Amino acid sequence: YNFLVMIKICIADSLPVVIQGLQSFFQGNTRMEVVASAKNLESLLNVLNNKRCDMLLLDVELEGLSSIRDIKSLLKDFPETKIVLFTNVSEQMYAPTAIKAGVSAYVSKRSDLKELEGTIAKVSEGKVVFSETVKKSIEMLSKGKKSERLFKKLSTREIEVLRYLNDGKKNKEVAQILGLDEKTISTYKLRLLAKLNVTNLVDLLKKAKDLDVI
């Protein structure tokens with residue numbers, strides 16, 4: 001029956017060029033049509049409340065989207081809309097948590113758009129699509145029950161901060177990369193220390209490594 005029904009797509013991306021590029025890519029497609037677009041979380045909620053969308057192409061850097069929790073609530077509030085993350089954010093960093101949350105696929109913005117189209121077709125048939133690298137990270141996560149619990153506890157932002165600190169970056173650099181205030185990074189660091197139950201950065205990074213979080 002899937003071939004008869006048009007797959008209705010909503011694009012949520014803060015960059016107009018991405019929205020326009022995807023709209024023209026799908027123009028004239030016999031199976032998929034872009035019915036709506038949103039440039040921030042607020043307008044996305046507005047669209048989803050008023051339009052039936054089978055598929056949401058979502059950038060995790062969408063303005064207003066602050067953590068995986070927001071994605072969870074989208075999945076809960078709009079269960080008939082499947083979410084495909086179409087983003088530049090590193091897959092290893094985000095995909096395992098996103099897939100646990102119930103996202104249907106993860107496509108890098110570096111991919112060919114044909115690949116995106118193929119993924120949408122598979123997702124509409126009920127499949128979950130993500131790369132081998134992510135399958136591996138997920139297997140590692142489910143092996144380490146402890147790390148899984150921890151992963152649930154940490155927000156995506158916290159994991160990001162943790163990974164940058166692990167790369168040897170200073171608070172100030174991390175703040176610049178993420179476009180945040182240096183004080184905010186210190187706050188994240190304190191929260192990470194508390195959640196991982198350690199008192200200094202060296203132990204924090206060691207423990208995060210032991211638990212496969214970074």
Side-chain angles (χ1 to χ4, degrees), residues 12-14 40-42 44-45 58-77 83 85-103 105-110 128 130-214:
D13 200 294
S14 300
N40 54 36
L41 184 58
E42 194 185 338
L44 173 61
L45 292 170
L58 176 65
D59 184 358
V60 297
E61 295 178 298
L62 181 73
E63 197 185 311
L65 199 71
S66 61
S67 78
I68 201 85
R69 276 191 290 273
D70 294 331
I71 296 180
K72 277 187 181 147
S73 52
L74 285 173
L75 288 157
K76 189 166 103 331
D77 297 341
I83 297 183
L85 293 182
F86 182 55
T87 184
N88 255 331
V89 172
S90 138
E91 189 181 39
Q92 283 92 314
M93 192 185 284
Y94 213 100
T97 356
I99 285 158
K100 283 215 162 56
V103 165
Y106 194 102
V107 182
S108 160
K109 280 189 176 170
R110 294 181 184 79
V128 172
F130 46 97
S131 73
E132 288 307 312
T133 12
V134 170
K135 282 184 190 153
K136 283 200 185 71
S137 337
I138 291 174
E139 277 159 25
M140 295 213 353
L141 275 183
S142 38
K143 273 199 201 84
K145 283 293 168 258
K146 243 193 184 144
S147 65
E148 197 172 311
R149 283 203 299 277
L150 192 70
F151 235 78
K152 287 206 179 84
K153 261 200 219 163
L154 298 181
S155 75
T156 313
R157 262 292 191 234
E158 287 168 342
I159 291 170
E160 258 180 329
V161 169
L162 194 52
R163 296 197 164 164
Y164 285 125
L165 293 172
N166 186 49
D167 288 342
K169 295 200 170 21
K170 303 276 172 284
N171 285 16
K172 193 175 181 174
E173 293 172 278
V174 180
Q176 276 167 342
I177 296 169
L178 296 176
L180 297 168
D181 198 89
E182 202 174 333
K183 273 215 294 290
T184 314
I185 303 297
S186 311
T187 314
Y188 277 124
K189 210 162 164 179
L190 290 171
R191 261 194 256 160
L192 286 162
L193 292 170
K195 284 185 180 180
L196 290 179
N197 203 5
V198 286
T199 50
N200 60 56
L201 186 62
V202 177
D203 290 346
L204 174 67
L205 296 174
K206 187 182 175 306
K207 191 155 183 186
K209 273 205 192 73
D210 290 346
L211 293 172
D212 276 332
V213 180
I214 51 176

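Just the heavy atoms: all of them, side chains too, but no hydrogens, waters or symmetry mates, feed the values below. Quantities reported herein were computed from a predicted structural model and do not represent experimental measurements.
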K.L.:
Supply the atom-to-atom distance L85 CG to S108 OG, rounded to the nearest 0.5 angstrom.
P.N.:
11.5 Å

K.L.:
Is L65 close to L44 at the side-chain level, that is, under 4.5 Å between some pair of heavy atoms?
P.N.:
no

K.L.:
Tell me the closest heavy-atom pair linking A101 and I68, and the distance in Å.
P.N.:
CB-CG1, 4.3 Å

K.L.:
Looking at CZ of R157 and CD1 of I185, how far apart are the two atoms once the value is rounded to the nearest 0.5 Å?
P.N.:
7.5 Å

K.L.:
Return all side-chain donor-acceptor pairs below 3.5 angstrom for residues 176-184, not counting sequence neighbours, or 'none' if the list is empty.
P.N.:
residue: D181; atom: OD2; partner: K183; partner atom: N; Å: 3.1
residue: T184; atom: OG1; partner: D181; partner atom: O; Å: 3.4

K.L.:
When you look at NZ of K109, are more than 12 heavy atoms from neighbouring residues, nucleotides or ligands closer to it than 6.0 Å?
P.N.:
yes

K.L.:
When rounded to the nearest 0.5 angstrom, what distance separates CG in L58 from OG1 in T87?
P.N.:
8.0 Å

K.L.:
I need the L204 CG to L162 CG distance, nearest 0.5 Å.
P.N.:
5.5 Å

K.L.:
Near E42 CD, under 6.0 Å, is it more than 12 heavy atoms from other residues, nucleotides or ligands?
P.N.:
no

K.L.:
Mind checking the CG-CD1 spacing from N166 to I159? Nearest 0.5 Å is all I need.
P.N.:
13.0 Å

K.L.:
Are side-chain heavy atoms of D59 and S14 found at a separation under 4.5 Å?
P.N.:
no

K.L.:
Can you check whether K169's main-chain N or O pairs, donor with acceptor, with D167's side chain at less than 3.5 Å?
P.N.:
no

K.L.:
Once you round to the nearest 0.5 Å, how far does CG of L192 lie from OG1 of T187?
P.N.:
11.0 Å

K.L.:
Is there a donor-acceptor pair under 3.5 Å between the side chain of K207 and the backbone N or O of V198?
P.N.:
no

K.L.:
Hey, does L165 have a side-chain heavy atom less than 4.5 Å from the side chain of N171?
P.N.:
yes

